[in-house]
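Okay, structure first, notes after.
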2 protein chains.
Amino acid sequence: MPLMPASTRTRTDTPAAADRQRADTRSAILDTSERLVQVRGFNGFSYGDVAGELAITKAALHYHFPSKADLGEALITRYAERFAAALAAIDADGGAAPAKLDAYADLYAAVLREERMCLCGMLAAEYQTLPDPIRVAVIDFLDANEVWLARVLESGRDAGTLHFAGSAADTGQSIVSGLEGALLVARPYGGVERFETAARRLLAGLTGTA
Amino acid sequence: MPLMPASTRTRTDTPAAADRQRADTRSAILDTSERLVQVRGFNGFSYGDVAGELAITKAALHYHFPSKADLGEALITRYAERFAAALAAIDADGGAAPAKLDAYADLYAAVLREERMCLCGMLAAEYQTLPDPIRVAVIDFLDANEVWLARVLESGRDAGTLHFAGSAADTGQSIVSGLEGALLVARPYGGVERFETAARRLLAGLTGTA
DNA sequence: GTCTATAACGAGATAGAC
DNA sequence: GTCTATCTCGTTATAGAC
């Protein structure tokens with residue numbers, strides 16, 4: 001690669017390369033912002049923080065995401081898509097219902113291992129300060145999770161591998177809130193032990209392995 | 001009462017009256033700030049918000065609480081004291097362990113009815129952005145709750161009214177995280193139904209009334 | 001697409017009068 | 001104790017050059 005300062009070379013020699021770079025920068029912004037929101041909250045990070053980490057300017061950020069609300073919307077949208085893909089992957093694995101629930105809880109544990117809060121849980125805490133489109137996306141994310149869980153729970157009950165009182169929908173809500181709470185409380189203590197303990201107990205109540 | 005603008009009269013005619021007013025203003029600041037933190041988060045409210053609501057100036061706020069960190073510390077300290085008093089009151093009621101757990105969950109429900117998050121849960125979400133003294137207070141608050149719960153759980157197990165696998169300490173942690181999560185997730189939806197459903201399921205697993 | 005420069009505003013905080 | 005006035009800094013956001 002020729003030694004040429006980024007400020008003096010074009011970096012986009014063809015239209016296709018320009019598209020690629022736009023997408024790359026956009027992704028990098030989303031990656032950094034996502035982590036900052038999960039660690040510090042939507043009200044706890046700034047364009048300046050992101051620009052500093054990526055060594056670009058705040059103005060460049062505003063080119064990709066005109067307002068912070070736009071950025072937040074893009075963040076939760078992408079997060080929800082990735083989560084939906086993860087749920088589809090669990091389904092594709094073809095495991096039984098209890099294994100699916102374990103895999104689901106592992107998604108949360110992976111977040112905690114990076115010392116983050118669930119993006120949606122963090123936004124739920126800040127809900128009252130969020131622009132309306134983000135609020136809607138938070139609700140949609142929670143609903144999608146609970147719908148998926150309800151389906152898994154019903155199939156497990158039908159197969160006799162899961163046992164729970166009340167509706168599958170209510171039970172799904174309890175799982176989401178239980179795991180979100182386990183993340184929330186575990187993070188200040190550091191490590192995943194507290195989360196694992198709470199998650200195990202939560203799922204054990206459904207499989208009867210208590 | 002003589003019609004005299006607050007700006008022209010002394011309002012503190014005696015030293016005792018001065019003390020009373022200092023305490024009153026301080027309480028009013030704490031009350032308003034506490035609600036704002038529980039609704040919007042520690043990073044989601046400002047001295048200006050509090051001053052505006054109380055119709056005093058920001059400078060007056062700084063007299064009572066020089067820095068925002070000081071205010072935050074006072075907030076969680078008072079909150080923890082009030083919570084400890086509420087737990088003592090539950091103990092004083094002399095109910096059995098299951099009734100104590102119900103009363104404990106009701107403390108959370110009361111918070112949600114005011115459309116707030118638990119102060120400690122909110123601060124847990126913002127943990128990475130908080131000054132160190134507040135972080136310590138958050139941990140202390142969680143620990144105190146879990147110690148109290150562990151004691152109730154053990155007495156219930158001894159009396160045969162509560163049944164749970166694993167240690168009382170771990171179970172106490174699960175209850176705290178379960179209720180905090182139920183608050184967190186319920187608030188965006190409005191109403192207490194979601195919380196009540198999750199709380200009932202959580203406690204039903206301990207009393208065997210599932 | 002990214003930059004420099006700057007606008008416009010709000011934040012936390014302090015000084016000094018009353 | 002509370003005020004007015006001010007400071008300094010950080011924030012989101014925009015304009016215009018390259």
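Just so we're on the same page: letters track the sequence lines, and every chain starts at 1. Below, all heavy atoms of this structure are taken into account, side chains as well, without hydrogens, waters or symmetry copies.
The side chain of B/Ile56 sits closest to D/dC3 out of C/dA11, D/dA13, D/dC3. For A/Ala59, whose side chain is taken as the heavy atoms from C-beta onward, the closest listed nucleotide among C/dT4, D/dC3, C/dG1 is C/dT4. Comparing D/dT2, C/dA15, C/dA11 against the side chain of B/Lys58 picks out C/dA11 as the nearest. Distances from the side chain of A/Ser67 to the nucleotides D/dA13, D/dC3, D/dG1 place D/dA13 closest. Nearest nucleotide to the A/Thr57 side chain, out of C/dC3, D/dT2, C/dG1: C/dC3. Taking the side chain of A/Ser46 as heavy atoms from C-beta on, and the options C/dT2, D/dT4, D/dT12, the nearest nucleotide is D/dT12.
To the nearest angstrom, C1' of C/dA11 lies 13 Å from CG of A/Asn43. If you take CZ of B/Arg22 and C1' of D/dT2, they are 13 Å apart, rounded to a whole angstrom. One interatomic measurement links the two molecules: OH of B/Tyr47 to C1' of C/dG12, which rounds to 8 Å at whole-angstrom precision. For the pair B/Ile29 CD1 and D/dT2 C1', the computed distance is 11 Å after rounding to whole Å. A/His62 places its NE2 atom 14 Å from the C1' atom of C/dT4, with the value rounded to the nearest Å. Nucleotide C/dG12 holds its C1' atom 17 Å from the NE2 atom of B/His64, rounded to whole Å. Between the CG atom of B/Leu61 and the C1' atom of D/dT4 there is a distance of 15 Å, rounded to whole Å. Between the P atom of C/dC3 and the CD atom of A/Gln21 lies a distance of 10 Å, rounded to the nearest Å.
Note on A/Arg82 versus A/Glu34: salt bridge recorded, some NZ/NE/NH1/NH2 to OD/OE distance being below 4.0 Å. Note on A/Arg135 versus A/Glu126: no salt bridge recorded, every NZ/NE/NH1/NH2 to OD/OE distance being 4.0 Å or above.
Side-chain contact check for B/Asp70 and B/Ser67: at least one donor-acceptor pair (N or O, by modelled atom type) lies under 3.5 Å.
With A/Ile175 as reference, A/Leu149 is the one residue of A/Asp170, A/Val152, A/Leu149 to meet the side-chain contact (heavy atoms from CB on, under 4.5 Å) rule.
Using a 4.0 Å heavy-atom cutoff across all strands shown, B/Phe65 reaches no nucleic acid atom at all. Among the heavy atoms of the strands lying under 4.0 Å from A/Tyr63 is at least one base atom, whether or not backbone atoms are also near.
The CG atom of A/Leu206 sits 9.0 Å away from atom OG of A/Ser174, with the distance rounded to the nearest 0.5 Å.
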